[in-house]
Amino acid sequence: MIKGIKGVKDLLPEETPRWRLIEETARRWATGYGFQEIRIPIFEVTTLFARSIGASTDIVEKEMYTFQDRDGTSLTLRPEGTAGTVRAYIEHNRAADPVPQKYFYFGPMFRHERPQAGRLRQFHQFGVESFGIADPRADVEVIALLWRVLSALALPGLTLEINNLGDTADRETYRPQLVAYLKQHEEKLCGNCKRRIETNPLRVLDCKVPDCRTATEAAPHLADTLSEKARTYFAGVLAGLDAIRIPYHLNHRLVRGLDYYGLTTFEVTTTNLGAQNAVGAGGRYDGLVETLGGPPTPAVGFAVGLERMAMMLPDTAVVSTPGYTTVYVAGFGIQGSAAGLLSLEELRKAGIRAVSDFRSGTLKAHLRQADRLGCRYTLIVGDDEVVKGLGVLRNMETKVQLDIPLLSLIPHVLPLLSGS
RNA sequence: GUGGGUGUAGCUCAGUUGGUUAGAGCGCCGGAUUGUGGAUCCGGAGGUCGCGGGUUCGAAACCCGUCACUCACCCCA
């Protein structure tokens, strides 16, 4: 048997309603905030991701699905959505458009990791990117949208954490201070963090190992080395969040895994996701557009994991689709089968939801299927009915049956359906 | 990449110190009702016991290997 690829899941019909609810909620709110949908390819040239995400990040170092095109070009299945969106923004010169460039997207992302609860190799994100606005209100707008979408879905146990990473220069001054501190306390750190002192010292602050946390309690804070400009900007973001009543927690340890973030960075976590706790995250990335060859362009965005939202979404949130009136057509017998097929098509052409099960050869089997499918009515068309030219419309709840002329089916059926 | 757990019917799972024909519940199909659903009763179909070796008179069970799923580490959505 050919099986699906490890970490790549099928979404069966039983699960798609909860996904539709999530997608429709996200799309509605994003549109309401003035974002427009963009659809970008799921693969790009490898250098796009290497340059934007950061060559020394885990994603680029060991998690990308990379392969050669026939001409030898290195291509990669997208591990996230921002790089491609930025590429499209530059390529189509959207900076020249005077209208605010605020995009949202849905789609699959690919990372070669060992799957576990809440983590897949093909997973799906809803993301948002806001280009060209260097104003704290742009950050606030993006964070508010994220928070409103998650709140609208009534996802439990959410916390919004936010931090100020400062600009590149700020981090350059801070880094040696932190490294000096970490080297003094190196013995207390876990093996991973010892290595991180050289590779990614900021990441040590975000380590979950309790000893590492206590060891870094007294570490110098990035906040103390921030420039006046970065501070006032961040203060503006917080003031905006306060004004519109978005609850947040300052977390000076919050560091994101992608290189392009600066200034505002945020993450929404939950306690309901197994070992995983991030539902969605984002931040400001003012340098990225330029890095990728575009004009200097401030930008903010976020991405949320649809699988993670789906896991947390309470079952009660997914209401069973409101009882559409469906007519089951039970055509059986030699002539009845043929006449039934005709009636089925007539109903469908008239916009009436109609189904049948062609495996069923007896009326009993047909009625059983009609029942299982939850159909409100069954149109019985056996050989006897064909002879008389009258089908029998059975109300499955009341068991009341009416004769309906098969030749003028729709005018007779339609009033019954709208009346019920 | 590293570690733990689990692989028996479509699904959820039993299966005794290794013993003969591998079971149950649910689901499915049929009958009771020769043309009327759900409930009940009766009957039926459905299995390479993940795969490959080994031990044994005999393996679903024990040993080795392997694969898959899963949880966790790492990292992240």
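Not measured: the values here are computed from a predicted model. Residue numbers begin at 1 in each chain, while the letters A, B, ... track the order of the sequences.
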For [X] and [N], is the shortest distance between a side-chain N/O and OP1 or OP2 below 4.0 Å?
X: A:Arg372; N: B:C28; result: yes
X: A:Lys62; N: B:G1; result: no
X: A:Lys364; N: B:C29; result: no

[N] versus [M] - spacing of their [atom1] atoms, nearest Å:
N: B:G52; M: B:A68; atom1: C1'; answer: 15 Å
N: B:U8; M: B:G1; atom1: C1'; answer: 32 Å
N: B:A39; M: B:G30; atom1: P; answer: 15 Å
N: B:U48; M: B:A9; atom1: P; answer: 9 Å
N: B:A22; M: B:G47; atom1: C1'; answer: 9 Å
N: B:C64; M: B:U55; atom1: C1'; answer: 11 Å
N: B:G25; M: B:G35; atom1: C1'; answer: 33 Å
N: B:G3; M: B:G50; atom1: P; answer: 24 Å

Residue closer to the 5' end of RNA chain B, A:Gly382 versus A:Val268 (nearest nucleotide): A:Gly382
Starting at the 5' end of RNA chain B and moving along, which residue's nearest nucleotide shows up first, A:Val304 or A:Arg119? A:Arg119
How would you label the contact of [X] with the nucleic acid (heavy atoms, under 4.0 Å): base, sugar-phosphate, or nothing?
X: A:Arg308; answer: base
X: A:Gln401; answer: base
X: A:Val279; answer: sugar-phosphate
X: A:Leu306; answer: nothing
X: A:Ala275; answer: sugar-phosphate
X: A:Gly127; answer: nothing
X: A:Gln122; answer: nothing
X: A:Lys399; answer: base
X: A:Glu307; answer: nothing
X: A:Met309; answer: nothing

Taking atom OG1 of A:Thr378 and atom CE of A:Met396, what is their separation to the nearest 0.5 Å? 4.0 Å
With the criterion set at under 5.5 Å between ring centres and under 30 degrees between planes, would B:A77 be stacked on A:Phe123? yes
No-hydrogen, no-angle side-chain donor-acceptor test under 3.5 Å, [X] and [Y]:
X: A:Tyr33; Y: A:Arg148; value: no
X: A:Asn164; Y: A:Tyr233; value: no
X: A:Arg308; Y: A:Thr270; value: no

With respect to the side chain of [X], which nucleotide from [options] is positioned closest?
X: A:Ile380; options: B:G35, B:C73, B:A77; value: B:G35
X: A:Asp371; options: B:C71, B:U70, B:G38; value: B:G38
X: A:Leu363; options: B:U70, B:C69, B:G35; value: B:G35

Would you call the rings of A:Phe332 and A:His366 parallel, tilted or perpendicular if under 30° counts as parallel and over 60° as perpendicular? tilted
Pairing check on B:U36: which nucleotide meets the Watson-Crick or G-U wobble criteria with it, both distances under 3.5 Å? none
Can a donor-acceptor pair under 3.5 Å be found between the side-chain atoms of A:Glu397 and the base atoms of B:G38? no
In whole angstrom, what separates A:Glu23's CD from B:A77's P? 20 Å
